[in-house]
Amino acid sequence: MRTSTSPAPHRVVIVGGGAGGLELAAQLGRRFGPQAITLVDARPMHIWKPSLHEAAAGTLDIQQEGLTYLVLAQLNRFSFVLGGLTSVDREARKITVSAVVSPDGEEVVPERVIAYDTLVMAVGSTSNFFGTQGAEAHAVTLDTVEQAERFRLLMLKAMYQLNERRDRDEQAKLNLVIVGAGATGVELAVELYEAGHVVSAYGLRNFKPSRDMVITIIEGGPRILGALPEKISEAAYNRLSQVGVRVETNCRVAEVRPGSVLTGDGREFPADLCMWAAGIKGQPVLDALDLPQNRIGQLEVDARLHTSDPHILALGDCASAPWRDGRSVPARAQAAHQQADYLGKLLGARIRGQAEPQTGYVYEDHGSLVSLGQDAGVGSLMGKLTGRGLFVSGTLARLMYMSLHLMHHKAILGIGRTATLALARLLMKRTQSRVKLH
Ligand SMILES: Cc1cc2nc3c(=O)[nH]c(=O)nc-3n(C[C@H](O)[C@H](O)[C@H](O)COP(=O)(O)OP(=O)(O)OC[C@H]3O[C@@H](n4cnc5c(N)ncnc54)[C@H](O)[C@@H]3O)c2cc1C
């Protein structure tokens with residue numbers, strides 16, 4: 001490691017500009033500049049992953065939501081490299097980033113090799129199918145913008161096709177199965193129901209969600225939102241029942257087929273579309289590091305977010321950091337944000353050649369909020385003094401849910417730009433449809 005007297009800066013390369021990686025790049029870039037800090041991402045635009053269920057339902061236009069990394073790099077003074085990580089040479093401390101290829105298959109920028117002194121892995125996670133037969137082939141997931149957009153188009157197509165099917169069968173319905181009743185599955189179900197109403201207002205006049213759409217959530221555990229307090233589960237369950245979403249708990253999916261979902265207890269649920277939201281695992285690219293992983297393929301890190309290679313750190317969904325009772329820090333935007341803060345301080349000291357903090361990162365659970373449509377939410381906020389959760393619901397919970405996104409914007413855009421962007425989006429809503437129809 002270089003000291004502060006070295007002529008060249010200590011080079012920090014962060015791979016993955018999501019909830020955690022981008023905040024870290026912005027924080028360090030503002031202090032040390034583009035010579036020292038490089039962010040690599042496989043996509044040109046930054047998307048806040050917790051918005052993907054809204055993109056899938058069409059209630060949020062992801063093209064307008066995305067922030068261009070090149071602009072963020074210029075604002076926050078880090079270098080940006082577009083391309084996916086493909087390999088890591090730990091001995092030479094170099095990574096290889098894939099070529100950038102146009103939609104026609106033409107190479108725009110060739111493959112590049114980037115040297116690092118410290119590499120931070122922040123590539124997030126991907127869906128875990130747990131080896132379920134047919135799931136990868138026939139279910140849609142919500143890991144990326146492309147998948148959210150694919151789901152939105154398939155949903156629109158299914159809505160239009162229903163009109164035609166109705167000519168042959170008056171009772172025909174659009175059947176949607178969501179596997180997994182965590183926050184993603186629950187939030188998506190309500191959002192789809194609301195989007196269905198809006199679509200019927202704009203063009204598909206014959207489409208009535210309560211009559212024409214059957215949404216079933218299948219959950220292996222005994223209750224929905226199993227990781228959250230029971231009171232939150234109950235409130236969310238009531239909202240789902242109110243909008244007509246069916247919930248099957250203690251029910252495991254055995255197979256996903258082209259038109260249906262089979263459960264372990266022998267039932268078959270018709271499914272024009274199946275959304276898989278049952279769990280996560282580490283990205284396959286992590287294998288390129290040849291470092292210890294946990295059973296779901298996340299990189300094992302210690303409390304200081306170090307892998308067993310002192311030059312490679314990891315944060316967010318791709319890392320398994322110790323928490324309490326033998327559990328690891330949950331894969332949440334809240335954790336990625338806190339870890340970015342922690343690594344900002346640690347790497348700040350490293351770049352300056354000062355003593356690095358020896359105390360580990362401790363995850364602070366500030367509570368959980370679940371969106372239940374555009375105007376409602378439910379959740380709990382952890383009281384600092386009591387250590388107990390304060391139950392919140394309705395519009396207040398929804399506003400608090402949105403504040404997590406605003407805090408992320410504040411970290412990467414600053415207060416002034418965050419306020420301007422929020423106001424601009426509010427004004428834009430007045431002239432745009434409430435769902436993306438094209
Ligand atoms: C629908 C949905 C709702 C959610 N709601 C909430 C919520 O309400 N609250 C909450 O706390 N959490 C929520 N989460 C979880 C939260 O989104 C994640 O925990 C969080 O985004 C993890 O942050 P991260 O920085 O680790 O990864 P991500 O935010 O996933 O970012 C990973 C980045 O790495 C890039 N990348 C991936 N592979 C490569 C590669 N090979 N090379 C280069 N770049 C690469 C990606 O393009 C991406 O930009 C939700 C998730 C989903 C899907």
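Counting starts at 1 for both ligands and their atoms, in listed order. This structure is a prediction, so every number in the text was calculated from the model and none was measured.
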task: Run the numbers for me: atoms of ligand 1, each under 4.0 Å from some heavy atom of Tyr69, listed by number.
output: 49 (O)

- request: Could you tell me whether Glu23 and Lys410 make a salt bridge, using a distance below 4.0 angstrom between a side-chain N and a carboxylate O?
  value: no

task: Please could you name the atoms of ligand 1 that Thr184 approaches to less than 4.0 Å, counting only its heavy atoms?
output: 1 (C), 2 (C), 3 (C), 52 (C)

- prompt: Salt bridge check: are Arg152 and Glu149 linked by an N-O gap of less than 4.0 Å?
  reply: yes

field: Ligand-side contact atoms (ligand 1) for residue partner Gln334, heavy atom cut-off under 4.0 Å
entry: 11 (O)

- request: Look at the rings of Trp48 and His405 and say which category their plane angle falls in: under 30° parallel, 30 to 60° tilted, over 60° perpendicular.
  value: parallel

statement: Under 4.0 Å between heavy atoms, the region of Ala331 that gets near ligand 1 turns out to be backbone

statement: Restricting to heavy atoms, the pick from Ala122, Ala314, Pro50 nearest atom 17 (O) of ligand 1 would be Pro50

message: Closer than 4.0 angstrom, basic N to acidic O: yes or no for Arg246 and Glu248?
response: no

field: Residue Gly124 vicinity, atoms of ligand 1 by number, heavy atom under 4.0 Å
entry: 26 (O), 27 (O), 30 (O), 32 (C)

- request: For atom 46 (C) of ligand 1, state which one of Asp41, Leu85, Leu188 supplies the nearest heavy atom.
  value: Asp41

field: Options Asp317, Val186, Ile280, Val123, ranked by nearest heavy atom to atom 39 (C) of ligand 1, top entry
entry: Val123

task: List in chain and number order the residues that pass ring pair (Phe, Tyr, Trp, His ring centres under 6.0 Å) with His306, two or more places apart in sequence or in another chain; answer none if no residue qualifies.
output: none

- request: May I ask you to list the atoms of ligand 1 that are less than 4.0 angstrom from any heavy atom of Gly84?
  value: 42 (N), 43 (C)

Partner residues of Phe80 under the ring pair (Phe, Tyr, Trp, His ring centres under 6.0 Å) criterion, sequence neighbours left out: Tyr69

message: For ligand 1, which is the ligand I care about here, please tell me if Ala336 has any N or O atom under 3.5 Å from one of the ligand's N or O atoms.
response: no

